[in-house]
Amino acid sequence: MEAKKRVALMGTVIELQVAHPKADSLLQETVRRLEDYEHRFSANKKDSMLGQVNQAAGKHPVQVDEDLFDLIALAKEVSLSTHLAFNLAIGPLVQLWRIGFEDAHVPDPKDIQCQIQKVDPKAVLLREEEHQVYLKKEGMAIDLGAIAKGYFADQIIAFWKGQGAMYGLINLGGNVRVMGDSPKSEDGSWQIGIQKPGQRRGELIGKVRVKDKSVVTSGIYERKLCVQGRTYHHIFDSKTGYPLTSDMTSLTVISGRSVNGENWTTALFHYSAKEAIFRLDKQEGLEGLAINQTGEIFFSKGLRGNE
Ligand code: ADP
Ligand code: MG
């Protein structure tokens, strides 16, 4: 039996579709888990588990659940790799600009300079045995907004597989992961739509066909702030304190694990669309496409020829 559900959570609409003898109750439990994740992993809620880590910055370490610890550890590792834009300690800048919220604004350059001092991933101290996280400087804050949804997608798919689901799809607002054979195609592949930058949801530039994969898209067209003819989006440069600048408007990564695809979409966002795909081509097991401001589309090796 197949069941579908749409739930508003994590600032987006989450779509769920799963085939299982008890699909309805499986989806109920899935929603419960997603609510629990939101409650623990959100950087926007002071009383979340991550919120407690951030509140204790410069004061004391905080013990967290194993899953949150693992995701922070992974995010730290990615943040420390060079030449990549991803930084888990980006919280102070996200909170200063507030892009995507009603009170978004272009901050005073002095405030930006002040926040930059606090976005150092090396100052995120981890104690593996105790699952403790300590942010060394006061005012520091971890933000997992760039990868948490991918992590949740992976966890939910693993849960469904463990429960013996036949097939399924989870879409957390542009983060899609599928398992099993799609009931809609002969070869079992799933067609995942890629949104047209700047258009409303549902307008597509095309579709990719995948099986047992994740398709993650990061775009600068949904959450942005326009002031005096300039547009500011929501992925920040840790060095300048301003949004990253490149000609890219949208980057899609196809990967096995969704958390990995999320890492890469954010990590490559400071490169031009062409350069981002060039770099993606060097990574084994990853495919993707990037769109620049003039609407040009660049495809990774495995997608070329299927345009
Ligand atoms: P979306 O939320 O549109 O799916 P992304 O997956 O690209 O977007 O993640 C953007 C979010 O990541 C921002 O809203 C913010 O919470 C966080 N973020 C912003 N800049 C960075 C950065 N340089 N490194 C890591 N996370 C970032
Ligand atoms: Mg991301």
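Order of appearance sets the numbers: ligands from 1, and atoms from 1 within every ligand. What you see is a predicted model; the values in this text were computed from it and never measured. The chain is numbered in sequence order, starting from 1.
Around the Mg ion (ligand 2), the protein N, O or S atoms closer than 2.8 Å are A146 O, E262 OE1, listed by chain and residue number.
By heavy-atom distance, the residue among N87, T265, T217, D143 lying nearest atom 15 (C) of ligand 1 is D143.
Only side-chain heavy atoms of T266 come within less than 4.0 Å of ligand 1; its backbone N, CA, C and O stay farther off. Of the heavy atoms in A146, both backbone and side-chain atoms come closer than 4.0 Å to ligand 1.
Heavy atoms of G174 stay at 4.0 angstrom or farther from ligand 1.
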Using a 3.5 Å cut-off and no angle test, enumerate the donor-acceptor pairs between side-chain atoms of residues 70-79 and protein atoms at least two apart in sequence or in another chain.
| residue | atom | partner | partner atom | Å |
| --- | --- | --- | --- | --- |
| K76 | NZ | V124 | O | 2.8 |
| S79 | OG | A75 | O | 2.6 |
| S79 | OG | L88 | N | 3.0 |

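For atom 18 (N) of ligand 1, the nearest protein heavy atom (residue, atom name, distance) is I90 CG2, 3.8 Å. Among protein heavy atoms, atom 23 (N) of ligand 1 sits closest to F236 O, 2.8 Å. Given atom 7 (O) of ligand 1, the protein heavy atom at minimum distance is S218 OG, 2.3 Å. In terms of protein heavy-atom proximity, atom 14 (O) of ligand 1 is closest to H234 CD2, 3.4 Å.
Salt bridge absent: K211 and D187 never bring a charged side-chain N and a carboxylate O closer than 4.0 Å.
Taking the salt bridge (Lys or Arg N to Asp or Glu O under 4.0 Å) definition, one finds that R98 meets it with D103, sequence neighbours left out. With sequence neighbours excluded, no residue forms a salt bridge (Lys or Arg N to Asp or Glu O under 4.0 Å) with R230.
Taking OG of S48 as the reference point, atom CZ of F41 lies at 10.0 Å (rounded to 0.5 Å).
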Between W97 and Y242, does a side chain to side chain contact (heavy atoms under 4.5 Å, CB included) hold up when you go through it step by step?
CA-CA 9 Å; W97 284 79; Y242 284 81; 3.5 Å; yes
